[in-house]
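This report concerns only the one structure given below.
Both counts, for ligands and for their atoms, begin at 1 and track the order of listing. Values reported hereafter were calculated over all heavy atoms of this structure, with side chains retained and with hydrogens, waters and symmetry mates removed.
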Amino acid sequence: MRVKICGITQAQQGQAIAALGATALGFICVERSPRYVDAQHIQQIIQTLPTTVDRIGVFANASLTDIEGVLGIAQLTGIQLHGDEPPEFCAQVKQLFPHLEIIKAFRVNTVESLSPISEYVEMIDTLLLDAYHPQQLGGTGKTLNWDMLDKFRPAQPWFLAGGLTADNILQALDSLTPDGIDLSSGVERSPGDKDIPKVTQLLNNLSKIN
Ligand SMILES: O=C(O)c1ccccc1NCC(=O)[C@H](O)[C@H](O)COP(=O)(O)O
């Protein structure tokens with residue numbers, strides 16, 4: 001099971017979270033997020049991390065030029081597209097960065113909102129399902145209706161995100177079998193300030209099922 005902790009802003013916290021066993025760290029490249037980190041700062045953090053941990057840049061409705069700008073500075077291993085990017089844009093990103101993992105996030109609130117996912121099959125490597133929030137793109141702490149996903153069997157590997165915590169993760173994984181989980185606000189003291197004891201608790205709880 002992949003474990004991605006998103007919204008890393010501090011090198012020491014990134015190192016501690018990687019040492020605890022998270023397999024991927026996410027860096028928010030969306031300027032209006034309270035978890036935003038610029039490319040230089042991301043690269044400073046990355047330089048302190050083990051090379052085995054996946055390093056994902058999270059973008060939302062960014063231009064190709066902006067994504068290229070960040071990738072020119074920060075040694076990321078993946079790009080998460082968390083806005084309303086159409087399949088054609090994802091294909092362009094994949095063509096520009098064929099060696100990187102392309103993750104497309106979908107903010108879902110109804111079974112119908114899962115339908116467009118099939119149009120992205122060729123263009124991306126991994127899916128991420130997050131909760132829909134009318135004002136915020138991500139890091140909302142809002143939980144998906146997991147029952148809605150009981151017949152969700154995508155062609156690609158997928159992450160479950162949205163309001164996951166150490167306390168509800170076993171319940172989520174009791175009914176669903178994602179390839180990975182993604183957490184942000186559920187393991188924080190405040191936006192961008194990760195709570196290491198909460199991450200420890202999360203990984204302890206996960207070890208009961210792995
Ligand atoms: O976290 C943010 O601030 C953010 C801002 C803009 C776009 C995406 C963002 N986060 C993306 C993530 O992958 C989060 O981990 C995901 O939304 C889950 O967050 P949470 O519900 O707080 O666990």
Side-chain angles (χ1 to χ4, degrees), residues 1-10 13-14 17-18 22-39 41-42 45 53-63 66-67 70 76-85 89-90 93 101-109 113 124-146 148-149 157-173 176 178-195 198-199 201-203 205-206:
M1 160 87 50
R2 295 176 73 185
V3 178
K4 173 169 169 277
I5 304 295
C6 213
I8 303 296
T9 63
Q10 300 178 33
Q13 292 184 354
I17 291 168
T23 63
L25 300 179
F27 300 93
I28 305 297
C29 305
V30 181
E31 284 191 31
R32 68 172 187 272
S33 166
R35 302 176 182 88
Y36 172 70
V37 271
D38 68 26
H41 191 181
I42 295 173
I45 298 174
V53 72
D54 298 329
R55 307 173 297 271
I56 311 296
V58 179
F59 298 85
N61 304 322
S63 66
D66 287 346
I67 296 174
V70 173
L76 296 166
T77 61
I79 297 171
Q80 180 173 320
L81 300 169
H82 211 96
D84 306 309
E85 298 85 2
F89 183 82
C90 298
V93 175
E101 179 182 14
I102 309 299
I103 303 174
K104 178 70 187 94
F106 294 87
R107 289 167 283 121
V108 297
N109 56 351
S113 58
I124 61 166
D125 301 297
T126 309
L127 299 163
L128 184 147
L129 298 194
D130 200 357
Y132 174 81
H133 186 286
Q135 280 91 36
Q136 287 167 256
L137 289 171
T140 66
K142 206 168 167 240
T143 309
L144 277 172
N145 175 0
W146 300 324
M148 203 168 64
L149 303 178
W158 66 288
F159 279 97
L160 176 68
L164 298 174
T165 66
D167 293 332
N168 68 14
I169 196 66
L170 294 184
Q171 194 194 339
L173 297 178
L176 300 172
D179 301 276
I181 53 170
D182 170 280
L183 297 87
S184 185
S185 58
V187 288
E188 284 183 331
R189 286 188 286 240
S190 62
D193 182 13
K194 297 301 168 195
D195 187 323
K198 283 186 185 168
V199 180
Q201 188 61 53
L202 171 81
L203 288 152
N205 288 351
L206 283 175

Next item on the list: I would like to know whether Leu164 and Asp182 meet side-chain contact (heavy atoms from CB on, under 4.5 Å); could you show each step before the answer?
Entry: CA-CA 8 Å; Leu164 298 174; Asp182 170 280; 5.9 Å; no
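- Ion pairing of Lys198 with Asp167 is absent here, as no side-chain N (NZ or NE/NH1/NH2) approaches a carboxylate O to less than 4.0 Å.
- Taking both residues in full, the closest heavy atoms of Asn205 and Leu170 are given as O-CD2, 3.4 Å, listed atom of the first, atom of the second, then distance.
- Looking only at protein heavy atoms, the nearest one to atom 15 (O) of ligand 1 is Asp182 OD1, 2.5 Å.
- Checked by distance only, ligand 1 and Ala161 stay at 3.5 Å or farther apart across all their nitrogen or oxygen atoms.
- Residue Gln136 does not touch ligand 1, judged by heavy-atom distances below 4.0 Å.
- In terms of polar-atom proximity, Pro34 is not counted as a contact of ligand 1, lacking any N or O under 3.5 Å from an N or O of the ligand.
- Ranked by closest heavy atom to atom 20 (P) of ligand 1, the top entry among Pro191, Ala131, Gly186, Ser185 is Ser185.
- For the side chain to side chain contact (heavy atoms under 4.5 Å, CB included) with Cys6, the qualifying choice from Val58, Leu128, Leu183 is Val58, the only one to do so.
- We find that Glu101 and Arg2 are joined by a salt bridge, their nearest charged nitrogen and carboxylate oxygen being less than 4.0 Å apart.
- Residue contacts with ligand 1 include Gly162, since one or more of its heavy atoms lies under 4.0 Å from the ligand.
- In this structure, atom 11 (C) of ligand 1 lies nearest to the protein heavy atom His82 CE1, 3.5 Å.
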Notebook entry, point to check: For Lys104 and Thr126, what are the C-alpha separation, side-chain angles and deciding distance, and is it a side chain to side chain donor-acceptor pair (under 3.5 Å)?
Noted result: CA-CA 7 Å; Lys104 178 70 187 94; Thr126 309; over 6 Å; no
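- The protein atom (non-hydrogen) at minimum distance from atom 17 (O) of ligand 1 is Asp130 OD2, 2.4 Å.
- Using a 4.0 Å cut-off between heavy atoms, Ala60 makes no contact with ligand 1 at all.
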